[in-house]
Participant: 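One structure is given below, represented as structure tokens, and several questions about it will come after.
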Amino acid sequence: MKKVVSIDIGSTWTKGALFALDGPAGPAVLAKRDTPTTQDGLGRGFLAVLTSLLGLPPETRLGDLPRDIPVYFSSSAKGGLAIAAVGLVPDLTLQLAKLTAMSAGGKVVRSFSFSLTEDDIAVLESAPPDMILLSGGTDGGNTAYLFENAARLAASKLQVPVIFAGNRAAASRVARILEKKDVVVTENIMPEIGQMNPEPARDKIRGLFLDRIVAGRGLGEIVEVLGSRPKPTPLGVFELVAAIPRVQPDWDDLCVIDMGGATTDVYSNTESYLETDTVVLKGLREPRNKRTVEGDLGLRVSARTLWDAGREIILEGLDKAGLPAEAMEGFIAAIAADAGLLPTGEPQKTLDRILAEACVFLAVSRHTGGWREAFTPQGRVFVQTGKDLRRVKAVVGSGGYLSRSADAAVMRGALNRLARPAEERKLAPERPAFYADAAGLFPLAGNLAEDYPEEATALALASLKPLE
Amino acid sequence: MSDPAIVLGVIGADCHSVGNKIMDVFFSGEGFRVVNLGVMVSQLEFVDAAIETDAAAILVSSLYGHGEIDCQGLRDLCIEKGLDRIILYAGGNLVVGKTPGAEVEEKFRAMGFDRVFRPDVDLKEAAALLRSDIEARRAEAS
Ligand code: B12
């Protein structure tokens with residue numbers, strides 16, 4: 001039997017599973033384990049889960065582990081992969097730089113367009129990201145801003161790696177300007193207006209994550225001894241969402257919402273724009289596979305910022321439930337005191353549900369494009385910006401809260417709210433079926449998606465529970 | 001010097017696409033790096049695309065008769081966004097009905113367009129003018 005281990009080191013839990021890839025009834029879960037993430041050395045929690053899965057004594061040393069079972073793993077510990085995105089025009093290269101960073105499993109902590117100012121550099125220096133993605137200009141296009149921004153970065157105190165993925169005509173000079181820094185040059189993310197090329201930059205981000213960042217977080221030895229290369233957790237899920245419809249065409253037009261304590265991720269795999277006579281696309285034609293991550297939306301660490309961003313919706317929910325705004329203030333304060341808080345009874349459960357619905361609403365809303373009406377002499381047309389998710393057939397809720405959903409109320413409520421008439425008509429999924437990632441396998445199956453797309457798909461789909 | 005980039009598009013809510021496609025093919029054949037934004041292009045889209053591609057000129061088309069309103073302020077927006085020296089051309093059926101050509105031209109020049117073309121323009125001539133205008137701007141700049 002072909003066995004593999006998959007481990008995900010999350011910000012609070014380190015979870016793992018031992019899988020049989022060729023069981024008699026297809027791929028199967030043989031064992032699952034989890035333990036709190038060991039913040040002071042991620043390797044300890046990792047080893048605890050690994051030895052337990054393999055049925056070995058906990059004191060087994062790395063070097064004595066069996067070599068016949070491959071170990072796949074991912075990490076989103078310590079805030080995940082923080083990326084600052086620099087582009088030229090906000091709607092073009094900057095937008096694409098952000099999408100590229102997110103689809104590589106990163107979290108965009110800062111973004112800048114046009115010239116980096118002294119203040120921008122000071123902001124970066126005071127809280128350095130893990131890496132900077134520097135883009136701008138089509139191939140043969142603008143170079144002036146790139147040289148200027150590269151010079152600003154070169155003169156800064158920043159020591160983090162810089163990935164240059166802008167105008168290729170500027171590449172060698174940018175590399176020279178930044179030669180005293182850790183600079184990696186790759187292909188332009190937007191070689192021509194509207195044309196996207198995120199993959200080479202994505203590969204570089206992943207490479208840097210491995211070489212420079214994982215090692216610094218107490219995982220270097222594991223990588224060396226086991227020879228397995230970790231991914232940022234969301235990259236695994238991204239690859240899984242890309243793989244599922246390739247393996248199971250019935251599962252085309254898929255959307256996954258991963259709502260956590262600190263961030264909420266939305267993944268979609270569906271065609272972003274259907275050309276018709278009455279719909280004109282403006283701005284980027286977004287990719288079929290897309291991930292967005294919202295650093296201000298989450299149920300625990302980010303509860304306060306969620307309350308700020310979603311106040312209107314949350315107040316409406318409170319009103320419907322007959323609860324005063326103070327009840328939410330109190331709940332948020334309780335969460336601030338204990339980020340691991342689990343609601344025990346009412347009204348906490350209701351308050352948690354109200355937050356969850358607002359969180360899904362905002363995260364999906366930011367992921368999804370819209371139509372605005374325009375009247376031309378010929379009649380009405382729609383101007384689309386962003387991605388059309390109307391044809392999405394299945395919406396999967398993942399992450400602690402949504403995995404445990406008993407019904408589809410939270411996700412359906414959020415989508416119904418998106419469907420309300422507004423000046424901009426949101427192109428959210430229209431009639432999807434809802435599922436919960438009940439066994440919590442998406443991140444663990446995601447780690448296998450690159451090497452074993454079929455098995456990962458089978459494991460992920462078996463984890464789903466249909467929701468009414 | 002590399003081939004100059006030029007941005008093409010039909011401005012406003014205008015859906016006439018045939019002339020735009022012809023211009024794309026023609027100017028590409030003449031050795032320009034054509035960045036074609038198609039129909040229903042807003043002023044900001046013209047400007048954004050010109051910045052990213054470092055374009056030497058923006059060629060605005062308007063066929064449906066509302067060109068005057070749609071084109072107002074484009075020059076200002078260019079200046080605002082740092083495209084101080086970009087060449088602006090306009091062409092097509094720029095106004096409704098039969099306003100005399102000279103009057104149309106005067107209006108569009110006052111709005112900051114460097115040249116204005118009628119629907120029956122010989123594109124070869126337009127390309128020759130464009131080349132010499134681009135060279136003149138480059139000479140001024142250096
Ligand atoms: C086909 C057509 C349509 C089609 C367009 C289909 C499509 N996908 O393109 C349809 C039926 C959709 C249509 C709709 C309308 N149309 Co119409 N249409 C025409 C028609 C018959 C031909 C246009 C065409 O394709 N010409 C061929 C191309 C090659 O020429 P061109 O577009 O002029 O472009 C060339 C030159 O102008 C020049 N050029 C253009 N821009 C520039 C820029 C620069 C810098 C340079 C150097 C050169 C240049 O080079 C181009 C290539 O050679 C014209 C009449 C005519 N004969 O021109 C009316 C015409 C343009 N339409 C007109 C009108 C009024 C409309 C509508 C408002 C009518 C309505 N109420 O339905 C709508 C508007 C819809 C919209 N939102 O845009 C009027 C415009 C009147 C005005 N400006 O005063 C025209 C002139 C008819 C008329 N005489 O009344 N139309």
Side-chain angles (χ1 to χ4, degrees), chain A residues 87-97 113-115 135-148 165-170 188-196 273 275-285 371-385, chain B residues 1-17 20 24 28 31-58 62-67 69-70 77-78 80-86 93 95-97 141:
Chain A
L88 181 44
V89 168
D91 285 344
L92 295 170
T93 44
L94 179 56
Q95 169 69 1
L96 194 44
S113 58
F114 295 103
S115 302
S135 71
T138 52
D139 283 345
N142 186 283
T143 53
Y145 285 98
L146 295 172
F147 297 149
E148 185 189 336
N167 181 356
R168 68 183 266 276
N188 193 352
I189 52 173
M190 192 177 81
E192 280 178 50
I193 290 289
Q195 188 187 315
M196 297 179 306
Y273 168 59
E275 199 167 340
T276 69
D277 287 348
T278 50
V279 182
V280 182
L281 179 72
K282 287 293 147 195
L284 285 180
R285 183 180 193 129
W371 280 357
R372 281 174 193 280
E373 272 181 355
F375 289 92
T376 76
Q378 203 183 10
R380 192 175 63 165
V381 298
F382 294 99
V383 178
Q384 177 179 332
T385 48
Chain B
M1 196 105 229
S2 62
D3 293 342
I6 61 171
V7 176
L8 303 186
V10 186
I11 198 166
D14 194 335
C15 297
H16 291 91
S17 59
N20 170 262
D24 188 342
S28 300
F32 293 92
R33 238 178 344 113
V34 172
V35 179
N36 188 5
L37 304 179
V39 299
M40 289 188 75
V41 180
S42 70
Q43 290 194 359
L44 194 59
E45 284 175 84
F46 276 112
V47 174
D48 281 351
I51 295 172
E52 293 273 13
T53 57
D54 210 14
I58 297 175
S62 176
L63 285 308
Y64 71 161
H66 306 280
I69 303 165
D70 291 341
L77 186 65
C78 287
E80 208 59 73
K81 290 272 195 168
L83 294 176
D84 319 19
R85 321 181 50 79
I86 196 153
N93 296 302
V95 291
V96 183

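To find a chain, count down the sequence lines: A is the first, B the second, and so on, and within it residues start at 1.
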Participant: Please check this pair: side chain of A/K282 against backbone of B/E45, looking for a donor-acceptor N/O pair closer than 3.5 Å.
Facilitator: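 A pair under 3.5 Å: no.
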
Participant: Taking the side chain as every heavy atom from C-beta outward, state whether A/N142 and B/T53 have any atom pair closer than 4.5 Å.
Facilitator: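 No, side chains not in contact.
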
Participant: Measure the shortest side-chain to side-chain distance between B/M40 and A/V383 over non-hydrogen atoms and say whether it is less than 4.5 angstrom.
Facilitator: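 Yes - at least one pair of side-chain heavy atoms lies under 4.5 Å apart.
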
Participant: Hey, what do you get for CZ (B/R33) to OG1 (A/T138), rounding to the nearest 0.5 Å?
Facilitator: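 Those atoms lie 6.0 Å apart.
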
Participant: Can you say whether A/D139 sits under 4.5 Å from chain B via the side chain, the backbone, both, or neither, judging by heavy atoms?
Facilitator: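 A/D139 touches chain B through backbone heavy atoms alone.
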
Participant: Drop me the distance from B/E52's CD to A/I193's CD1, to the nearest 0.5 angstrom.
Facilitator: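 CD1 of A/I193 is found 5.5 Å from CD of B/E52.
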
Participant: With only heavy atoms counted, which part of B/V39 is less than 4.5 Å from chain A, the side chain, the backbone, both or neither?
Facilitator: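 It is the backbone, since no side chain atom gets that close.
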
Participant: Given that the side chain runs from C-beta out, which part of B/A49 has a heavy atom under 4.5 Å from chain A: side chain, backbone, both or neither?
Facilitator: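 When you check distances to chain A, atoms from both the backbone and side chain of B/A49 fall under 4.5 Å.
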
Participant: Among A/T93, A/D91, A/L88, whose side-chain contact (heavy atoms from CB on, under 4.5 Å) with B/D48 holds?
Facilitator: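 By the side-chain contact (heavy atoms from CB on, under 4.5 Å) criterion, B/D48 pairs with just one of A/T93, A/D91, A/L88: A/D91.
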
Participant: When rounded to the nearest 0.5 angstrom, what distance separates CD1 in B/I51 from OH in A/Y145?
Facilitator: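 That separation rounds to 6.0 Å.
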
